[in-house]
**Student:** 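Just dropping this structure here.
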Amino acid sequence: MFYVTTPIYYVNDEPHIGHAYTTLIADALARWHRLLGEGTLFLTGTDEHGLKVQRAAEKNGITPQEQADRFAVRFVDAWQSLGISNDDFIRTTEPRHHRAVQKLLQACYDRGDIELGHYEGLYSVADEAYVTAEEVPDLERQGRPVICMQEENYFFKLSRYEQPLLDWYESHPGFVTPEIRRNEALGFIRQGLKDFSISRTSIDWGIPLPWDPRHVTYVWFDALTNYLTAAGYGTEDPAFPVRWAGARHLIGKDILRFHCVYWPAMLLSAGLEPPRAIHVHGYLLVGGEKMSKTRLNQIAPAALVEVAGVDGFRYHFLADQRFGPDGEFSFEGMVARYNADLANNFGNLAARVAAVVASKCGGVGPAPSADSPLAEAAGRAFEETAAAWERVAPSEALEATWRLIREANAYLEANEPWKMEPGREVAAVLGDALEVLRLVALLASPAVPGACGEVWRRIGLPGSPEESRLPDAAAWGGYPGGLPVRKGPSLFPRIAV
Ligand code: MSP
């Protein structure tokens with residue numbers, strides 16, 4: 001089972017391209033694994049409890065529930081407009097989630113890992129976390145207010161989990177990727193772990209603790225549990241263990257400590273296994289800074305879709321940003337990449353092939369030759385594309401797929417079928433090019449599903465790339481020939497610069 005999750009997004013903010021970035025990667029991975037024929041569950045959703053949301057609601061003069069309802073829809077709509085294929089959308093205010101959180105809390109409590117204590121400290125509302133005095137000036141500079149908080153809290157005994165966590169990391173080398181993030185998490189653990197507070201009495205916008213309903217659950221304990229809820233935890237669903245065993249979380253590096261240290265400890269405490277893997281990416285920077293409400297540098301996905309289309313948007317974030325390090329968003333970069341890879345390479349190959357099939361073969365696509373010089377390149381492209389998706393490297397996967405497009409364009413340049421007389425020779429060249437188009441439509445469909453579906457139809461194939469199954473469908477020679485090939489409007493009209 002391939003169970004992929006995104007972080008759940010706070011409902012005090014509009015969806016922006018930083019949120020879209022994580023969601024897109026999860027979407028492309030889910031689509032790739034569906035092509036492989038694996039059972040796939042792709043989850044995203046919204047994080048709706050806590051002080052941050054309560055404050056946003058007060059500011060807007062509405063109840064927290066109204067705030068959550070209003071903003072959850074914006075995320076649902078944003079993802080729909082980007083072709084995101086999530087199988088489930090979780091909202092932490094749903095009853096199914098309440099049940100799961102209470103079950104997890106009770107399990108940790110029964111294990112003796114949750115104890116009552118007193119807390120007095122500095123609290124950053126924006127981060128929903130206690131902070132140290134040294135961190136205050138920096139946070140205030142970033143416009144993240146710090147308040148003094150004094151309360152009776154329940155604490156999770158994280159300090160007991162230092163060794164179990166180190167053991168888990170040791171025996172699961174691929175638990176956190178890339179390596180640099182794994183080391184960061186290990187660094188946190190080795191520094192020594194402090195118990196952390198998991199409840200609040202000062203607010204009521206949250207899930208009550210089952211054994212002491214004066215307290216509501218601290219946002220992170222609540223939020224992280226969403227991954228279990230959607231897998232069926234807290235229900236009788238027999239598929240829960242299978243789903244959970246395949247769980248992979250995609251996250252930005254801002255929430256590494258919660259996911260890579262707190263979360264596995266909570267799970268071990270409750271007698272559950274940590275997720276199979278956590279893949280951590282860097283920030284998408286705008287003007288050298290992380291996007292935020294206070295810096296007014298947020299970009300809405302729709303603003304870019306208007307220029308580059310859904311596929312152009314998707315391709316840019318998957319191909320141009322490497323998974324792992326921070327990356328700078330640049331409008332010019334997006335347009336340049338669109339024009340080079342989509343308009344010139346992919347779009348041009350599709351347009352040329354359709355035009356020459358019309359003029360030299362009466363619009364009927366010939367079959368590829370078994371011993372085509374492109375067959376080896378196609379085999380390699382599949383192997384490399386598959387390996388890159390497997391290691392969660394979308395930009396490398398697309399690079400590998402695009403090498404095949406370039407090889408096919410070079411092959412056409414070298415053979416110039418448009419200058420040939422109609423006959424066997426021209427049919428052989430075009431059959432090979434059509435087969436490359438079929439393969440590219442298949443391999444690139446997780447990234448640019450709209451265009452790939454269109455190419456599939458234009459070269460006369462029934463169904464859609466999504467109905468194919470890898471690796472069989474990637475074998476050279478799948479294009480049957482004898483199918484009507486249609487020209488059509490430009491797949492990727494050039495963007496004027
Ligand atoms: N609600 C918590 C997460 C709980 S998960 C159990 C939260 N929400 S958030 O709305 O702030 O979204 C955080 C996630 O959005 C990041 O981890 C990252 O995946 C994505 N991003 C938000 N801004 C981003 C960038 N500027 N760049 C890259 N990703 C960004 O934290």
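Whatever order the structure lists them in is the order used to number ligands and atoms, beginning at 1. Keep in mind that the numbers below use all heavy atoms, side chains included, and drop hydrogens, waters and symmetry copies.
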**Student:** Does ligand 1 have any N/O pairs with the protein under 3.5 Å, and how far apart?
**Tutor:**
unit_1	atom_1	unit_2	atom_2	d
ligand 1	1 (N)	Ile8	O	2.8
ligand 1	1 (N)	Asp47	OD2	2.7
ligand 1	10 (O)	Tyr10	N	3.1
ligand 1	17 (O)	Gly252	N	3.1
ligand 1	17 (O)	Asp254	OD1	2.9
ligand 1	19 (O)	Thr22	OG1	2.6
ligand 1	19 (O)	Gly252	N	3.2
ligand 1	26 (N)	Leu284	O	3.1
ligand 1	27 (N)	Leu284	N	2.8
ligand 1	29 (N)	Gly18	O	3.4

**Student:** Quick check: Phe156 with Trp220 (ring centres under 6.0 Å apart)?
**Tutor:**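 No, they do not, as the ring centres are separated by 6.0 Å or more.
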**Student:** Just to verify, what does Arg55 make a salt bridge (Lys or Arg N to Asp or Glu O under 4.0 Å) with, not counting sequence neighbours?
**Tutor:**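 For Arg55 there are no salt bridge (Lys or Arg N to Asp or Glu O under 4.0 Å) partners, ignoring immediate neighbours.
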**Student:** So, His172 versus Trp168, ring centres under 6.0 angstrom or not?
**Tutor:**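 Between His172 and Trp168, the centre distance is under 6.0 Å.
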**Student:** Identify which one of Asp222, Thr46, Ile90 satisfies the side-chain contact (heavy atoms from CB on, under 4.5 Å) criterion when paired with Ile8.
**Tutor:**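 Result: among Asp222, Thr46, Ile90, Ile90 is the only option passing the side-chain contact (heavy atoms from CB on, under 4.5 Å) with Ile8.
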**Student:** Aromatic ring centroids of His33 and Phe42 under 6.0 Å?
**Tutor:**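 Between His33 and Phe42, the centre distance exceeds or equals 6.0 Å.
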**Student:** For Phe75 and Phe71, I'd like to know if the aromatic rings sit close, meaning centre-to-centre distance below 6.0 Å.
**Tutor:**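 No, they do not, as the ring centres are separated by 6.0 Å or more.
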